[in-house]
Amino acid sequence: MPVASETLVEVKNLKKHFTLTKGFFSKKANVLKAVDDVSFSIKKGETFGLVGESGCGKSTTGRTLLKLYEPTSGHILFDNNPIENLKHKEMLPFRKKMQMIFQDPYASLDPRMTVADIIGDPLDVHRIAKGKERIDRINELIELVGLKSDHLNRYPHEFSGGQRQRIGIARALAVEPEFIVCDEPISALDVSIQAQVVNMLEELQEKFGLTYLFISHDLAMVRYLSHKIGVMYLGSLVEVAEANELYTNMQHPYTKALLSASLLPDPDMAEKSERIRLKGDIPSPVNPPSGCAFRTRCPYAVGACSEEKPQLKDIGNGHQVACHVVT
Ligand code: SF4
């Protein structure tokens, strides 16, 4: 595993806004601010866990970072190269280095293709291998993810959810990427299979020095894989810290509420952590509350919370929190 010191991926003030179709009676179109001024960096060989409820913008962040969505503004640096303005052709060398593993392994695999064709497809697209070399590489990849060569002539529907996710991982690894966005890769799987996939991702990271953005709604789950964690609420990061620092010294009321909503495998942690129950649903990002977007659900809200949006500030140890009552 490489010495984890250099930054591989960095986003600065990233925004992704979607303009919604204008309604018949409305004078102007609404804007959905899915990602609104997000900044973080990921060191080579490390995992950045991005956590939040569904609809908070974490998947859009991952997709925008890979330029599957064009950013509205902000900067994306891959190995110090700015990629935010690159056109399709200019992005090709970076596409090879930046891959994605999807949440729903079944939906992300073409049901008409055999496993061999699914894994071989990126080899063809990026012209990496042909003939025997291609076949050898496909065999190597299927074994790497714990499946057998016998599986290569089968179709996705013949596999379990966990096996399908392994096929998705083999496909992502085919081009020898440096960075993988893992978009809720275990949330559609049985609990018993989740740990196997997480362990495999960890082993692959060790073996190939991979860098991950690991997206999840479950704060307890990302603990085991992440070196650093960012907690996202309604398009913005509200707390960022090294994993250990976050779990032993979490500050933001939303982070505490998210942890309360997780199944805590560690009874000590369950006992120590302050339980905050999340009330209601996440507000619409089209019409977010004024000031702090979490104020409509926060038990600690004070007057200033409705007036001014709190900015991330460093409280020591590189631990950043965006909350008016945390000093
Ligand atoms: Fe709660 Fe106010 Fe802090 Fe927002 S800024 S999390 S509303 S206390």
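Counting starts at 1 for both ligands and their atoms, following the listed order.
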K.L.:
Show which atoms of ligand 1 fall inside a sub-4.0 Å distance from at least one heavy-atom site of Arg295.
P.N.:
7 (S)
K.L.:
Output the list of atoms in ligand 1 that are nearer than 4.0 Å to some heavy atom of Cys298, sorted by atom number.
P.N.:
1 (Fe), 6 (S), 7 (S), 8 (S)
K.L.:
In terms of atom number and element, which parts of ligand 1 are under 4.0 angstrom from non-hydrogen atoms of Tyr300?
P.N.:
8 (S)
K.L.:
What atoms in ligand 1 come closer than 4.0 Å to a heavy atom of Val325?
P.N.:
8 (S)
K.L.:
Is a side-chain donor-acceptor pair under 3.5 Å present for Ser187 with Gln103?
P.N.:
yes
K.L.:
Any side-chain donor paired with an acceptor under 3.5 Å for Ser149 and Asn139?
P.N.:
yes
K.L.:
Verify, without hydrogens or angle tests, whether Gln194 (side chain) and Asp190 (backbone) share a donor-acceptor contact under 3.5 angstrom.
P.N.:
no
K.L.:
Suppose I only count heavy atoms of His252 and a 4.0 Å limit; which atoms of ligand 1 are within that range?
P.N.:
6 (S)
K.L.:
Determine, for Arg134 against Asp124, whether the closest basic-nitrogen to carboxylate-oxygen distance falls under 4.0 angstrom.
P.N.:
yes
K.L.:
Determine, for Asp104 against Arg164, whether the closest basic-nitrogen to carboxylate-oxygen distance falls under 4.0 angstrom.
P.N.:
no
K.L.:
Show which atoms of ligand 1 fall inside a sub-4.0 Å distance from at least one heavy-atom site of Pro253.
P.N.:
6 (S)
K.L.:
Do any of the N, O or S atoms of Cys305 sit under 2.8 Å from atom 2 (Fe) of ligand 1?
P.N.:
yes
K.L.:
Is a donor on one side and an acceptor on the other found under 3.5 Å between the side chain of His227 and the backbone of Thr47?
P.N.:
yes
K.L.:
So which bit of Cys323 gets within less than 4.0 Å of ligand 1, heavy atoms only: side chain, backbone, both or neither?
P.N.:
both
K.L.:
Taking 2.8 Å as the cut-off, does Cys292 contribute an N, O or S atom near atom 1 (Fe) of ligand 1, distance below it?
P.N.:
no
K.L.:
So if I count the atoms of ligand 1 from 1 in the order they appear, which ones are less than 4.0 Å from some heavy atom of His324?
P.N.:
3 (Fe), 5 (S)
K.L.:
When the ring planes of His252 and Phe294 are compared, do they come out parallel, tilted or perpendicular, using 30° and 60° as the limits?
P.N.:
tilted
